[in-house]
*Asks:* 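I have a structure here, written as structure tokens, and I will follow up with some questions on it.
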There are 2 protein chains.
Amino acid sequence: MRRKVTLKQIAKELDISISTVSKSLRDSHEISEETRQKVQAFAKLYNYKPNNIALSLKNKKTKTIGIIIPEIVHHFFATVISGIEQVANEKGYNVIVCLSDESFDKEVINLEMLASGSTDGFIMSLSKETQQKKDFHHIEEVINQGMPVVLFDRITNDVFCDKVIIDDQQAAYDAVSFFIEKKYKNIALITTVDYVSVGKLRTEGYLKALKEHKIAAQNHLILKIEDIEHCQDSITELLQNNEIDAVFAVNELFAVTAIKTALKLGKKVPVDIAVIGFTDGIISQFSTPTITTVSQNGIKMGQKAAKILIDRLEKEEEDEQYTTEIIETNLVFRESTTT
Amino acid sequence: MRRKVTLKQIAKELDISISTVSKSLRDSHEISEETRQKVQAFAKLYNYKPNNIALSLKNKKTKTIGIIIPEIVHHFFATVISGIEQVANEKGYNVIVCLSDESFDKEVINLEMLASGSTDGFIMSLSKETQQKKDFHHIEEVINQGMPVVLFDRITNDVFCDKVIIDDQQAAYDAVSFFIEKKYKNIALITTVDYVSVGKLRTEGYLKALKEHKIAAQNHLILKIEDIEHCQDSITELLQNNEIDAVFAVNELFAVTAIKTALKLGKKVPVDIAVIGFTDGIISQFSTPTITTVSQNGIKMGQKAAKILIDRLEKEEEDEQYTTEIIETNLVFRESTTT
DNA sequence: CTGAAAGCGCTTACAG
DNA sequence: CTGAAAGCGCTTACAG
């Protein structure tokens with residue numbers, strides 16, 4: 001075993017001081033050409049790499065970004081991480097990932113853990129429980145301690161910080177307006193309970209589109225799903241008991257379940273029922289029929305969030321001006337709608 | 001802004017020494033009850049949390065695990081991370097994730113970056129390029145420096161370390177044997193090029209199953225795909241030009257593409273062509289028909305890998321005995337096969 | 001041109 | 001019972 005070599009060892013070996021070694025490796029002009037060469041050659045030979053931890057302690061920055069998300073087994077979140085990773089890597093940052101598992105407590109614990117010196121800042125998306133409790137003191141605490149936070153997708157307006165979102169309401173509005181223009185009469189909505197911020201906004205977009213086209217919203221066409229694991233039954237009920245010719249679903253899972261249920265009930269998609277989903281993930285691409293969907297560019301969200309965070313980290317002055325970046329969405333047309 | 005408080009500040013505030021503060025907080029019996037109480041109360045008030053970086057430097061361990069995988073936008077890998085996170089968290093470890101993007105160079109850079117003090121050990125799955133080049137010096141280097149590595153899924157036998165895999169050959173053998181027992185005559189294989197270790201092993205399992213049942217392998221029924229992005233064409237060709245009644249695909253994507261292609265060619269699945277895939281991911285669950293598949297328990301792989309790594313990290317003696325853990329797989333029967 | 005000293009935030013063996 | 005000192009691995013202002 002060949003342990004990692006330190007400045008101290010190099011200094012001893014070469015019989016010079018640690019300071020001289022350090023300066024030589026940083027190519028300081030204080031040091032003679034000769035010494036520099038010698039030290040550099042030696043360091044190379046022994047494959048010297050400065051210890052990140054020591055540097056972090058000294059510089060008071062870790063060059064790492066903390067990511068806290070509800071789940072990773074979610075194509076959208078994986079996609080965002082991928083985007084963050086990309087720009088973080090380019091700028092010499094590492095990425096620590098923690099999962100809240102949709103739990104408030106885990107979110108708090110992870111945040112505090114990472115805030116104790118491990119990261120320079122955070123990129124996060126709130127857990128469901130956090131959104132439900134509306135308790136954001138942990139995030140405010142961290143910001144107060146001088147660590148910037150960028151919130152994305154599942155955000156809150158109660159915390160002042162940078163945010164990266166899509167215009168959920170507008171995107172839903174566009175999707176539903178498409179249906180209306182195509183003369184669909186009974187447009188159902190399959191959404192989440194209201195405390196999920198993005199679900200609520202998408203619901204609002206649906207309602208707004210109906211209202212602006214002077215169509216009365218009908219409560220029995222709106223399904224708010226609490227328990228995602230068992231959405232099957234309520235969706236069956238929805239489709240069975242109503243004359244529905246179009247469905248707007250606020251996520252992929254609801255969309256694919258609606259399609260499968262419709263098929264099972266003997267209806268044809270998109271002929272009898274057209275479906276538009278949300279999030280252009282794996283399911284939308286590989287379902288049969290493939291699903292028309294609002295594409296929510298996760299990679300871009302991640303990239304943008306990372307850019308904003310790193311800019312703030314590397315800016316000298318404290319800038320109290322927070323931005324909310326809105327990533328554009330668009331409808332990706334596939335087989336679950338007719339054109 | 002309220003910066004994080006340090007021992008030094010507490011010491012100054014309370015007019016005692018740093019050592020005394022440190023010991024009080026660790027509840028040392030060296031310190032008087034009174035002082036301890038006072039310090040602890042004060043620390044609580046100011047929400048003192050020891051600085052992880054300082055601890056890492058002092059203790060020479062970071063309590064973080066480095067994960068290097070080819071991609072995160074891959075349900076299987078996301079699943080493994082999830083498993084790792086779970087046990088890491090339980091044991092007080094954090095997780096740094098780096099992506100190699102299937103590139104050898106990125107894998108090396110990331111590994112070296114993290115090895116410079118940021119993590120205590122690694123869990124990794126090799127990039128395609130690494131498997132192709134068969135260059136593993138970077139991994140050996142890290143192990144040599146005393147940092148344990150656990151390889152999973154895409155591993156190599158050229159490196160001595162702990163490994164977590166499934167029995168890819170056996171799993172493929174089982175799947176193909178199922179077809180044979182069901183009297184399927186022309187069983188096609190859709191696989192990757194041979195340098196992808198798991199692809200190769202699954203191919204071997206296919207061949208072995210045929211051989212043991214005294215069926216001659218037919219080259220025109222074996223499709224090795226290089227460019228995953230454009231597998232569509234070659235799969236169409238395969239299905240069009242041959243009398244195939246069963247397909248074994250070494251991943252989900254190939255399986256779903258085979259199904260869609262078959263449907264497009266007017267064949268019914270599973271009646272005309274039965275399909276078994278590999279990796280029980282999102283696609284297999286939501287495709288129509290849903291796909292019978294070899295389930296590769298990613299969560300369990302991640303958990304196991306993390307357990308092995310942490311055990312090794314926390315064991316005192318250097319243990320040269322490496323294990324290769326084999327996670328059991330099983331066939332999950334769905335609609336793409338008849339029973 | 002080189003090196004001793006101080007310091008980042010902590011712990012702990014040792015002295016008093 | 002308390003505190004000064006050394007040390008983890010590094011950098012840099014300062015002295016010589």
Side-chain angles (χ1 to χ4, degrees), chain A residues 3-40 42-43 46-64 113-120 145-147, chain B residues 3-40 42-43 46-64 113-120 145-147:
Chain A
R3 285 264 167 211
K4 293 201 76 73
V5 66
T6 66
L7 290 189
K8 201 177 177 180
Q9 287 161 45
I10 298 182
K12 194 171 168 195
E13 212 66 35
L14 256 39
D15 205 26
I16 53 179
S17 78
I18 295 178
S19 333
T20 304
V21 176
S22 172
K23 287 175 192 158
S24 298
L25 291 176
R26 324 198 92 236
D27 235 353
S28 159
H29 285 282
E30 279 185 64
I31 308 295
S32 74
E33 184 64 27
E34 199 196 331
T35 312
R36 259 187 285 165
Q37 298 265 323
K38 189 175 61 181
V39 174
Q40 287 177 13
F42 192 90
Y46 279 82
N47 193 22
Y48 170 79
K49 292 264 166 41
N51 180 311
N52 292 154
I53 294 292
L55 286 177
S56 297
L57 188 59
K58 183 76 192 158
N59 300 335
K60 304 243 210 177
K61 48 182 157 177
T62 60
K63 286 281 209 166
T64 103
M113 192 156 167
L114 296 187
S116 307
S118 305
T119 65
D120 297 339
Q145 289 171 2
M147 313 175 76
Chain B
R3 286 264 167 211
K4 294 198 77 72
V5 66
T6 65
L7 290 189
K8 201 176 176 180
Q9 286 160 45
I10 297 182
K12 195 170 166 196
E13 211 67 33
L14 257 37
D15 204 27
I16 52 178
S17 78
I18 295 177
S19 333
T20 305
V21 176
S22 172
K23 286 175 192 159
S24 298
L25 291 175
R26 325 199 92 236
D27 236 354
S28 159
H29 284 284
E30 279 186 63
I31 306 297
S32 74
E33 183 64 26
E34 199 196 329
T35 312
R36 259 188 283 164
Q37 298 265 322
K38 191 176 60 182
V39 173
Q40 288 178 12
F42 192 89
Y46 280 81
N47 193 23
Y48 171 79
K49 293 263 168 40
N51 180 310
N52 291 154
I53 296 293
L55 286 178
S56 297
L57 187 60
K58 183 75 191 157
N59 300 334
K60 305 251 217 166
K61 49 182 155 176
T62 60
K63 286 281 209 167
T64 101
M113 191 156 166
L114 296 188
S116 307
S118 305
T119 65
D120 296 339
Q145 290 170 2
M147 313 174 77

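Note that this is a predicted model, so its numbers are computed, not measured. We name chains A, B, ... by the order of the sequence lines, and we start the count at 1 in each one.
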*Asks:* Please work out if A:T20 contacts a base, only the sugar-phosphate, or nothing of the nucleic acid, heavy-atom cut-off 4.0 Å.
*Replies:* base

*Asks:* On the nucleotide C:dC10, are OP1 or OP2 found under 4.0 Å from the side-chain N or O atoms that B:R26 carries?
*Replies:* no

*Asks:* If you look at every strand shown and take non-hydrogen atoms under 4.0 Å, does A:K60 touch a base, only sugar-phosphate, or nothing?
*Replies:* sugar-phosphate

*Asks:* Which nucleotide in the list C:dG3, C:dC10, C:dT12 gets nearest to the side chain of A:I16?
*Replies:* C:dG3

*Asks:* Describe the nucleic acid contact of A:S19 in one word from base, sugar-phosphate, nothing, applying a heavy-atom distance below 4.0 Å.
*Replies:* base

*Asks:* Quick check against the 3.5 Å criterion: does B:T64 have a side-chain atom that pairs as donor or acceptor with the backbone of B:S118?
*Replies:* yes

*Asks:* If you look at every strand shown and take non-hydrogen atoms under 4.0 Å, does B:S22 touch a base, only sugar-phosphate, or nothing?
*Replies:* base

*Asks:* Do the side chains of B:V39 and B:T20 get nearer than 4.5 Å, heavy atoms only?
*Replies:* no

*Asks:* Within this structure, what is the CD1-to-C1' distance between B:I53 and D:dG9, rounded to whole angstrom?
*Replies:* 13 Å

*Asks:* With sugar-phosphate meaning primed atoms plus P, OP1 and OP2, does A:K8 contact a base, only sugar-phosphate, or nothing at under 4.0 Å between heavy atoms?
*Replies:* sugar-phosphate

*Asks:* Measuring from the side chain of B:T6 (C-beta onward, heavy atoms only), which nucleotide among C:dT11, C:dG9, D:dG3 has the closest atom?
*Replies:* C:dG9

*Asks:* In whole Å, what is the span from the CD atom of A:Q37 to the P atom of C:dC1?
*Replies:* 13 Å

*Asks:* Considering only C:dC10, C:dG3, D:dG9, which nucleotide approaches the side chain of B:N51 most closely?
*Replies:* C:dC10

*Asks:* Between C:dC10 atom P and A:K58 atom NZ, what is the distance in whole Å?
*Replies:* 16 Å

*Asks:* First locate atom OG1 of B:T6, then atom NZ of B:K49, and finally report the distance between them rounded to the nearest 0.5 Å.
*Replies:* 15.0 Å

*Asks:* Take atom OH of B:Y46 and atom C1' of C:dG9, then tell me their distance rounded to the nearest Å.
*Replies:* 19 Å

*Asks:* I need the CD1-P distance between B:I31 and D:dT2, as an integer number of Å.
*Replies:* 6 Å

*Asks:* NA contact type, A:T35, heavy-atom cut-off 4.0 Å: base, sugar-phosphate, or nothing?
*Replies:* sugar-phosphate

*Asks:* B:L7 CG to C:dT12 C1': how many Å, rounded?
*Replies:* 13 Å

*Asks:* Rounded to whole angstrom units, what separation is found between the CD atom of B:E30 and the C1' atom of C:dT12?
*Replies:* 8 Å

*Asks:* Can you tell me the distance, in whole Å, between the CG atom of B:D27 and the P atom of D:dC1?
*Replies:* 13 Å

*Asks:* Write down the partner of D:dA13 under the Watson-Crick or G-U wobble criteria, each distance required to be under 3.5 Å.
*Replies:* none

